[in-house]
2 protein chains.
Amino acid sequence: MVKKQRSLQRREESLSRDSIIEASVALLDSGGEDGLTFRALSERLSTGPGAIYWHIADKSDLLTAACDSVVARTIHEIVETTPEETIRAIAAGLFDAISTHPWIGSALTSAPGASPIVRIVESIGQQICQLHVPETHQWTAAGALMAFILGVSSQNAANGQLARRQNLDRTDFLEALSTTWSQLDPEEYPFARSVAGRIRDHDDRADFLAGIDLILMGIESMRLRSQA
Amino acid sequence: MVKKQRSLQRREESLSRDSIIEASVALLDSGGEDGLTFRALSERLSTGPGAIYWHIADKSDLLTAACDSVVARTIHEIVETTPEETIRAIAAGLFDAISTHPWIGSALTSAPGASPIVRIVESIGQQICQLHVPETHQWTAAGALMAFILGVSSQNAANGQLARRQNLDRTDFLEALSTTWSQLDPEEYPFARSVAGRIRDHDDRADFLAGIDLILMGIESMRLRSQA
DNA sequence: ACCTGAACACCGTTCAAGT
DNA sequence: ACCTGAACACCGTTCAAGT
């Protein structure tokens with residue numbers, strides 16, 4: 001009879017916004033942006049495509065909600081220490097999350113002002129306040145950090161997706177990119193050629209965190225200057 | 001007979017990669033990302049949808065090519081002065097270009113390593129070299145600037161598109177965003193609430209350029225530190 | 001109130017057939 | 001070599017009809 005109760009409960013698990021979002025995240029993770037389809041989704045949830053529209057407005061709503069669920073979890077896991085360290089932790093957490101769920105990158109930039117963005121702004125902004133950045137500069141500092149984090153992370157995720165589409169691993173992909181850049185016209189592309197070698201064996205994540213430190217240094221300079 | 005020659009010439013203008021890209025940019029500008037369709041494109045070029053595939057690999061190729069044509073034009077227009085000023089000019093030029101052609105933002109992030117990105121890296125990198133940033137840090141500096149420029153510009157463009165979709169102008173949109181943020185839960189979102197007012201009448205472009213200065217300050221700190 | 005699934009109006013892409 | 005346009009295999013979304 002335990003069995004009976006179990007299967008009864010299971011059948012009572014009706015369609016809900018949360019279960020739809022959970023299934024969407026799974027589909028996006030396994031099949032990328034193209035993997036999320038109302039047909040694939042309804043099949044996975046053993047229902048019809050129309051049923052989903054009772055709980056979700058449209059595909060954009062669905063994508064933002066899926067995005068928000070991952071962002072919320074990521075930010076929730078951050079352990080707060082010093083402001084600088086916490087900002088680095090937020091940055092690294094989002095970088096890794098976007099790396100594992102590459103679809104987040106593009107979903108975030110097409111949902112400005114929506115809840116996932118607000119979560120990120122908030123978590124960064126609270127640390128900016130604790131750094132004693134004057135009120136008039138807080139938005140500049142938080143906005144710059146957020147844009148940088150999302151910008152680099154999305155770019156990195158896009159690299160990974162491109163590599164996967166070409167059936168290469170990360171090393172082979174960077175190798176190929178490095179080779180292409182090193183063969184560019186020396187007259188027109190001296191810089192790209194000169195950094196081509198460095199690209200081959202660089203660590204995107206370390207570079208990213210170095211960029212964060214760069215901005216933190218800039219924020220410190222700004223703070224000092226505005227005090228003078 | 002002049003007339004005859006003219007119309008003859010005009011008919012001889014057959015389909016070419018360039019004319020396809022030009023038409024694509026026009027469609028993207030007027031109808032956004034959804035406006036670019038092989039059917040709409042072939043109609044505009046008075047041909048069949050299949051004809052386009054003779055000159056272009058697929059839609060992704062088409063989007064990257066359209067993107068590249070705008071980026072190339074933008075970078076070409078930059079007048080070189082001091083390294084810092086030139087970097088600001090590149091940044092402002094790209095910000096404005098992405099503002100006018102909002103579809104560039106998402107197209108750029110989904111085409112990593114492709115020619116438009118290389119153009120941008122190159123133009124920024126050349127200035128970084130002139131700032132006497134040590135070789136080992138050049139890629140970090142150029143990469144950080146690029147990510148920031150593309151990140152903020154895309155975000156800004158996405159804001160504009162969202163506003164347009166809601167039939168609001170920029171002021172009304174920021175007004176609405178500010179109101180939403182000011183009504184957030186004070187316990188959970190103190191920062192977003194506190195900057196809500198500042199968002200209403202801020203200048204995205206000025207904020208963006210302030211962010212660029214922030215990063216330039218960070219690069220200067222990095223350079224000084226690595227010399228010591 | 002919530003779900004079903006056929007139907008509608010689209011897509012990108014292919015390909016035999018033309019010139 | 002280049003173009004045509006019908007056809008294929010999909011989409012997101014709607015909506016009468018069910019429970």
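- Residue B:L63 contributes atom CG, which lies 13 Å from atom C1' of C:dG12 at whole-angstrom precision.
- What separates CD of A:E43 from P of C:dG5 is a distance of 12 Å, to the nearest Å.
- Between the P atom of D:dT14 and the CZ atom of A:F38 lies a distance of 10 Å, rounded to the nearest Å.
- The pair A:D96-A:R205 meets the salt-bridge criterion, since a charged nitrogen lies less than 4.0 angstrom from a carboxylate oxygen.
- Proximity of A:Q127 to A:T86: side-chain heavy atoms (C-beta onward) are separated by under 4.5 Å at one or more points.
- Between the side chains of A:T179 and A:S182, not a single donor N or O lies within less than 3.5 Å of an accepting N or O.
- Between A:P116 and A:T64, the closest side-chain pair of non-hydrogen atoms falls below 4.5 Å.
- Here C:dG5 is the nucleotide among D:dG12, C:dG5, C:dC11 with the atom lying nearest to any side-chain atom of A:P49.
- Put simply, the side chain of B:R193 does not reach to within 4.5 Å of the side chain of B:D185, judged on heavy atoms.
- In this structure, A:K59 atom NZ and D:dT14 atom P are separated by 15 Å, rounded to whole Å.
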Atom pairs under 3.5 Å, N or O on each side, protein against nucleotides 16-19 of chain C: can you list them with distances?
none

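- With a cut-off of 3.5 Å on both Watson-Crick or G-U wobble distances, the partner of C:dG12 is given as D:dC8.
- Salt bridge B:R164/B:D169: absent, no basic N to carboxylate O contact under 4.0 Å.
- Place A:A57 and A:D34 on DNA chain D by their nearest nucleotides, and A:D34 ends up nearer the 5' end.
- Between B:I21 and B:D68 the shortest side-chain heavy-atom distance does not fall below 4.5 Å.
- Separating the CZ atom of A:R39 from the P atom of C:dA6 is a distance of 11 Å, rounded to the nearest angstrom.
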Mind listing the N/O atom pairs, protein and nucleotides 1-3 of chain D, below 3.5 Å?
from  : atom 1 : to    : atom 2 : distance (Å)
D:dC2 : OP2    : B:W54 : NE1    : 3.3
D:dC3 : OP1    : B:L15 : N      : 3.4
D:dC3 : OP2    : B:H55 : NE2    : 2.6

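- Distance B:Y53 OH to D:dA7 C1': 14 Å, rounded to the nearest Å.
- Among the protein residues, B:L36 comes within range of the sugar-phosphate backbone only, with heavy atoms under 4.0 Å from sugar or phosphate atoms but none that close to a base.
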Please tabulate, for the side chains in residues 151-162 of chain A, all donor-acceptor contacts under 3.5 angstrom to protein atoms that are two or more places apart in sequence or on a different chain.
from   : atom 1 : to     : atom 2 : distance (Å)
A:S153 : OG     : A:I149 : O      : 2.7
A:S154 : OG     : A:L150 : O      : 2.6
A:N156 : ND2    : A:S99  : OG     : 3.2

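- Shown here, C:dA17 forms no base pair; nothing in the strands shown gives a Watson-Crick or G-U wobble contact with both key distances under 3.5 Å.
- Atom CD1 in A:I52 sits roughly 11 Å away from atom C1' in D:dT13 (whole-Å rounding).
- Among the heavy atoms of the strands lying under 4.0 Å from A:T37 are primed sugar atoms or P, OP1, OP2 only; no base atom is included.
- In this entry the distance linking CG of B:L41 with P of C:dC11 reads 12 Å, nearest Å.
- Remark: aromatic rings of B:F148 and A:F148 are distant, center separation not under 6.0 Å.
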